[in-house]
Amino acid sequence: RAKATAPNTICFYDPSMDQAVRERNALAIDMRSSLQNNEFELFYQVQNEAATGRPIGFEALLRWNHPVRGRISPAEFIPIAERTGLINEIGEWVLRNACREAAGWTNALGIAVNVAAQQLADLTFPAKVKSILTETGLDAQRLELEITESGIIEDQRRALVVLKQLKEIGVKIAMDDYGTGYSSLSTLMNFPFDKIKIDRSFVEHVATDSLSAAIVRSTLILAQSLNIPVLAEGVEGQDQIDFLKREGCLQVQGYLFGKPVPLSAIRPLIDVPAWAAEEAGPLGQVA
Ligand code: C2E
Ligand code: MG
Ligand code: MG
Ligand code: MG
């Protein structure tokens with residue numbers, strides 16, 4: 001700003017920028033100590049079969065209980081972790097803890113874990129995943145890694161190598177936030193996805209907005225022809241679930257079925273044999 005108005009003046013101090021940078025740096029420093037002090041926590045959001053409402057798995061979502069600022073949203077701190085490189089360490093913490101927890105669930109539901117672009121760019125990532133599976137005893141088939149377009153687009157060859165190794169280990173790969181990036185469908189389809197998660201922004205108005213409906217419908221048709229199951233994110237209302245079921249969407253996730261909650265709150269769903277979980281209602285209330 002000051003530079004633009006006075007090109008020959010060196011700008012030493014821009015209070016607003018300084019403030020933002022300081023805040024980010026402070027958070028980055030706090031993040032490191034929070035990792036050590038157990039101030040991160042995993043929440044779990046149920047994923048359901050659309051037709052029956054039966055729970056099929058959970059997505060692990062990171063929460064930061066900051067000692068001073070209280071709970072900070074991942075939308076705020078994940079980008080900072082990515083910029084500072086801390087994301088690899090945090091991502092590994094998430095993976096290890098999600099796998100450890102899920103390994104103890106008696107009904108063996110799936111566990112989905114978000115993986116950042118930088119983790120996927122690490123050629124040692126598959127080996128890390130493998131050793132975490134061994135260490136925690138989680139069956140590889142139960143683990144699904146959610147990756148976004150940014151995770152595969154920057155270095156496509158490398159991403160393909162890493163994804164193929166992950167598939168060999170036996171874990172599943174889901175395309176997260178589908179529709180929000182800029183890459184073409186044909187690019188995305190070169191990657192071995194086991195699931196496509198349609199972004200909440202398209203699901204939100206699917207029952208009332210014809211453009212959203214067209215995007216979701218065409219995604220479902222494409223995925224069906226490729227035999228890839230689709231999960232719709234952010235399902236909040238009955239009109240949305242009605243549309244999705246009618247159009248053949250197989251899986252759903254959203255506040256209608258359950259918000260992300262601490263582990264203790266999903267106990268009724270995970271500490272039961274599979275037959276009982278199947279009888280649980282859409283909100284997962286086991287009688
Ligand atoms: P995401 O992976 O797309 O996760 C879904 C987000 O949508 C979650 O937000 C979830 O709480 C929210 N959501 C689910 N259903 C509904 C709904 O019906 N309505 C509304 N309004 N929202 C819904 P959350 O937990 O705040 O996470 C935001 C993002 O932060 C995630 O988006 C993911 O990109 C990132 N994130 C969270 N945990 C991790 C992690 O462990 N590692 C990495 N790399 N990223 C993470
Ligand atoms: Mg996700
Ligand atoms: Mg998503
Ligand atoms: Mg999202």
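From a predicted model like this one, the values you see are computed outputs, not experimental measurements. Remember, it's 1-based here, ligands and their atoms both numbered in the order they're listed.
The cationic group of Lys128 does not satisfy the cation-pi geometry with Phe125, failing either the under 6.0 Å distance to the six-membered ring centre or the 45° limit from the ring axis.
Of all atoms in ligand 1, numbered sequentially from 1 with element shown, those under 4.0 Å from a heavy atom of Glu233 are 3 (O). The contact set between ligand 1 and Val235, taken as ligand atoms under 4.0 Å from a residue heavy atom, comprises 18 (O). In the vicinity of Glu236, heavy-atom distances shorter than 4.0 Å reach the ligand 1 atoms 17 (C), 18 (O), 19 (N), 20 (C), 21 (N). The distance from ligand 1 to the heavy atoms of Asp176 drops below 4.0 Å at these ligand atoms: 1 (P), 2 (O), 3 (O). Taking a cut-off of under 4.0 Å to the non-hydrogen atoms of Gly234, the atoms of ligand 1 that pass are 15 (N), 16 (C), 17 (C), 18 (O). Residue contact check: Arg200 has heavy atoms under 4.0 Å from atoms 19 (N), 20 (C), 21 (N), 22 (N), 23 (C) of ligand 1. Each of the atoms 3 (O) of ligand 1 lies under 4.0 Å from some heavy atom of Asp177. Of all the atoms in ligand 1, the ones that sit under 4.0 Å from a non-hydrogen atom of Ala116 are 44 (N).
Restricting Glu59 to its N, O or S atoms, the one at the least distance from the Mg ion (ligand 2) is OE2. Distances from the Mg ion (ligand 2) to each N, O or S atom of Glu146 single out OE1 as the nearest. Looking at Asp176 and the Mg ion (ligand 2) together, the shortest N, O or S contact belongs to OD2.
Looking at Arg142, its side chain does come within 3.5 Å of a backbone N or O of Ala102 through a donor-acceptor pair. Gln118 places a side-chain N or O within donor-acceptor distance of the main-chain N or O of Glu82, the cut-off being under 3.5 Å.
Classified by interplanar angle (parallel below 30°, tilted 30° to 60°, perpendicular above 60°), the ring pair Tyr44/Phe58 is perpendicular.
When Leu61, Ile90, Val94 are ranked by how near their heavy atoms come to atom 41 (O) of ligand 1, first place goes to Val94. Of the listed residues (Gly254, Ser73, Pro74), the one carrying the non-hydrogen atom nearest atom 28 (C) of ligand 1 is Pro74.
Between the side chains of Gln251 and Lys197, no donor-acceptor pair is found at a separation under 3.5 Å. In this structure, a donor-acceptor pair under 3.5 Å is absent between the side chains of Gln156 and Asn190. Side-chain contact check for Glu101 and Asn97: no donor-acceptor pair (N or O, by modelled atom type) lies under 3.5 Å. When only modelled atom types and interatomic distance are considered, Ser33 and Gln36 share no side-chain donor-acceptor pair under 3.5 Å.
Here Leu256 has no heavy atoms under 4.0 Å from ligand 1, in either its backbone or its side chain. Under 4.0 Å from ligand 1, not a single heavy atom of Lys197 appears. Within the 4.0 Å heavy-atom criterion, the part of Ile78 lying near ligand 1 is the side chain and not the backbone. Of all the heavy atoms of Thr148, none lies under 4.0 Å from any atom of ligand 1, so neither backbone nor side chain is involved. Looking at Pro260 against ligand 1, only its side chain comes within 4.0 Å, counting heavy atoms.
Within a 6.0 Å radius of NZ in Lys167, other residues, nucleotides and ligands contribute more than 12 heavy atoms. Other residues, nucleotides and ligands contribute over 12 non-hydrogen atoms within 6.0 Å of the CZ atom of Arg71.
Screening residues 23-34 for salt bridge (charged side-chain N to carboxylate O under 4.0 Å, His left out) gives Glu23-Arg69, Arg32-Glu89 as the qualifying pairs, with residues at least two apart or on separate chains. Sorted by first and then second residue, the side-chain hydrogen bond (donor to acceptor under 3.5 Å, both in side chains) pairs with a member in residues 207-224 read Asp209-Ser212, Arg217-Glu247; sequence neighbours excluded.
Glu41 has no carboxylate O lying under 4.0 Å from a charged side-chain N of Arg63, or vice versa, which leaves the two without a salt bridge. At a threshold of 4.0 Å, the pair Glu168-Lys164 does not count as salt-bridged, since none of the basic side-chain nitrogens sits closer than that to a carboxylate oxygen.
Residue Gly91 places every heavy atom at 4.0 Å or more from ligand 1. At least one heavy atom of Glu59 sits closer than 4.0 Å to an atom of ligand 1.
The Mg ion (ligand 3) forms the vertex of an angle spanning OE1 of Glu233 and OD1 of Asp177; to the nearest 10 degrees it equals 90°.
Considering both main-chain and side-chain atoms, Ile87 never comes within under 3.5 Å of ligand 1 through any nitrogen or oxygen pair. Polar contact with ligand 1: present for Gln45 (N/O pair, distance under 3.5 Å). For Gln119, no nitrogen or oxygen atom sits less than 3.5 Å from a nitrogen or oxygen atom of ligand 1, counting backbone and side chain alike.
Put simply, Asp199 stays out of reach of the Mg ion (ligand 3), with no N, O or S atom under 2.8 Å from it.
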**Q.** Evaluation steps, side-chain hydrogen bond (donor to acceptor under 3.5 Å, both in side chains), between Gln47 and Gln253
**A.** CA-CA 5 Å; Gln47 302 178 324; Gln253 177 180 349; 2.9 Å; yes
